[in-house]
There are 2 protein chains.
Amino acid sequence: MIVMRLSTKGRYGVKAMLDLAIHTSEGHIALKNIAERQEISEHYLEQLIATLRKAGLVKSIRGAQGGYTLAQDPSQTTVGEILRALEGSLAPVDCVVEDEPFECTNATQCVTKKIWEKVRDSINDVVDSITLQDLIDDYKKMNNNDGYMYYI
Amino acid sequence: MIVMRLSTKGRYGVKAMLDLAIHTSEGHIALKNIAERQEISEHYLEQLIATLRKAGLVKSIRGAQGGYTLAQDPSQTTVGEILRALEGSLAPVDCVVEDEPFECTNATQCVTKKIWEKVRDSINDVVDSITLQDLIDDYKKMNNNDGYMYYI
DNA sequence: CTAATTCCTACCTGATCACTTGGTTTTCAA
DNA sequence: TTGAAAACCAAGTGATCAGGTAGGAATTAG
């Protein structure tokens, strides 16, 4: 049983963005290619990337030979931005969602609120500290510079 | 939209444990009283406290005038123990659940795995650093020593 | 033109959360 | 001894939602 988990939206979103980042030299990439490489339903990924586009994280080119590219340099996009675009707030409970304070009605609830704020902040700190460039660097290290893809 | 959220199990569990801790001088406390004070369905709370009992975090006394008490000193029980007893692993994705490594089948997935490990560890660090005694101290501060209960 | 591709809206389906229902068993107090 | 209070137990339920499908319209390179 896992409860405090990300949905596939966030996970697929990060995978798709990393895929785009890795294949950035190939120009714009068709959704179909990303979906195949990352083993994600193409139609489902379409919905996710639409959200990423509206959030300004990717750019699209329509029509034949169209596709997607990152909207900015990989060092400028954090995992946190991707996750929050797709998942909304990463707060563990409603009462500590940023910008939308949910009113507490109970004293012990207010005591526990401090816990959830700390959890929320630590999650955001972690994901905001990791950029797509960091992931590319890790990916290249795993690739070990010999052309063989290690599936560790 | 919040996705990485705790279920009510974890939140209710912490509230119930704090309620027990605050009323510890009254001896064992009936579930009914906790449920009323914390505004939780009594039968639902019953299921949660059964889990806490099996985890060794509370003790029960059956029969009339029975009830529950903390199994150990409030300074010895962390929020993390309560949450993991009720919610299971706090890992954000399956592949980084402690003790149950879920096999990655994809190179980019393995790169992202490092993200989820960091998130998991930071969540656990936060909740393991907070004991019930810390919550009691916060509660007493809020109470402001004048007997009036502030609902901040 | 046509094939490839993005974009858009709606629908579906199985799982799960947050309970509820309806008991049985144990123990205290009168 | 008996009634009530309480813990304990197992199964069902209704609404919501994650994770897709389905079906097409709009756009553009060749």
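Only this structure's heavy atoms are used, side chains among them; waters, hydrogens and symmetry mates stay out.
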Review point. Do A:Q133 and A:I136 come within less than 4.5 Å of each other through their side chains, counting heavy atoms only?
Key: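 SC-SC contact between A:Q133 and A:I136 confirmed.
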
In this structure, how many angstroms lie between the [atom2] atom of [N] and the [atom1] atom of [X], rounded?
X     : N      : atom1 : atom2 : value
A:H28 : C:dC7  : NE2   : P     : 12 Å
A:I49 : C:dT6  : CD1   : C1'   : 10 Å
B:L45 : D:dC9  : CG    : C1'   : 15 Å
A:D94 : D:dT16 : CG    : C1'   : 14 Å
A:K9  : D:dC17 : NZ    : P     : 10 Å
B:I40 : C:dA18 : CD1   : C1'   : 12 Å
A:E39 : D:dG19 : CD    : C1'   : 17 Å
A:I34 : C:dT6  : CD1   : C1'   : 12 Å

Just the atom pairs and distances: protein N or O near nucleotides 19-21 of chain C's N or O, under 3.5 Å.
residue : atom : partner : partner atom : Å
C:dC19  : OP2  : B:Y12   : OH           : 2.8
C:dT20  : OP2  : B:S41   : OG           : 3.0
C:dT20  : O4   : B:Q47   : NE2          : 2.6

Review point. What residues, two or more places apart in sequence or in another chain, satisfy side chain to side chain donor-acceptor pair (under 3.5 Å) together with A:S60?
Key: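 By the side chain to side chain donor-acceptor pair (under 3.5 Å) rule, A:S60 matches no residue at all.
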
Review point. How would you list, by chain and number, every residue that makes a side chain to side chain contact (heavy atoms under 4.5 Å, CB included) with A:A30, sequence neighbours excluded?
Key: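 Partners of A:A30 under the side chain to side chain contact (heavy atoms under 4.5 Å, CB included) test: A:N33.
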
Exercise for review: Please list, chain by chain and in numerical order, all residues satisfying side chain to side chain contact (heavy atoms under 4.5 Å, CB included) with B:S129, sequence neighbours excluded.
Suggested key: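 In terms of side chain to side chain contact (heavy atoms under 4.5 Å, CB included), with neighbours along the sequence ignored, B:S129 is linked to no residue.
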
Sub-3.5 Å pairs of nitrogen or oxygen atoms, protein against nucleotides 28-30 of chain C:
residue : atom : partner : partner atom : Å
C:dC28  : O4'  : B:A64   : O            : 3.4

Check your understanding: Which pair of non-hydrogen atoms, one from B:G10 and one from B:E87, has the smallest distance, and what is that distance?
Key ->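 Scanning both residues completely, I find the closest heavy atoms to be N-OE2, 2.9 Å.
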
Review point. Which pair of heavy atoms, one from B:R120 and one from B:P92, lies closest together, and at what distance?
Key: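 Heavy-atom minimum between the residues: CB-CD, 3.8 Å.
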
Identify all side-chain donor-acceptor contacts of residues 62-70 of chain B below 3.5 Å with residues at least two apart in sequence or on another chain.
none

Review point. Is any side-chain N of the basic residue among A:D125 and A:K118 closer than 4.0 Å to the acidic one's carboxylate O?
Key: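 Judged by the 4.0 Å cut-off on N to carboxylate O distance, A:D125 and A:K118 do not form a salt bridge.
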
Check your understanding: Can a salt bridge be assigned to the pair B:K113 and A:D138 using a cut-off of 4.0 Å between side-chain N and carboxylate O?
Key ->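 The answer is no: the pair does not qualify as a salt bridge.
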
Check whether any side-chain N or O of [X] sits under 4.0 Å from OP1 or OP2 of [N], and answer yes or no.
X     : N      : result
A:R5  : D:dG19 : no
B:S7  : C:dT16 : no
B:S60 : D:dC8  : yes

**Study point:** Position toward the 5' end of DNA chain D (nearest nucleotide), B:R53 or B:K32
**Key:**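 Closest to the 5' end, via its nearest nucleotide, is B:K32.
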
Check your understanding: Across the strands shown, which category fits B:L31 at heavy-atom distances under 4.0 angstrom: base, sugar-phosphate, nothing?
Key ->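 If one applies the 4.0 Å heavy-atom cut-off, B:L31 turns out to touch the sugar-phosphate alone, with no base involved.
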
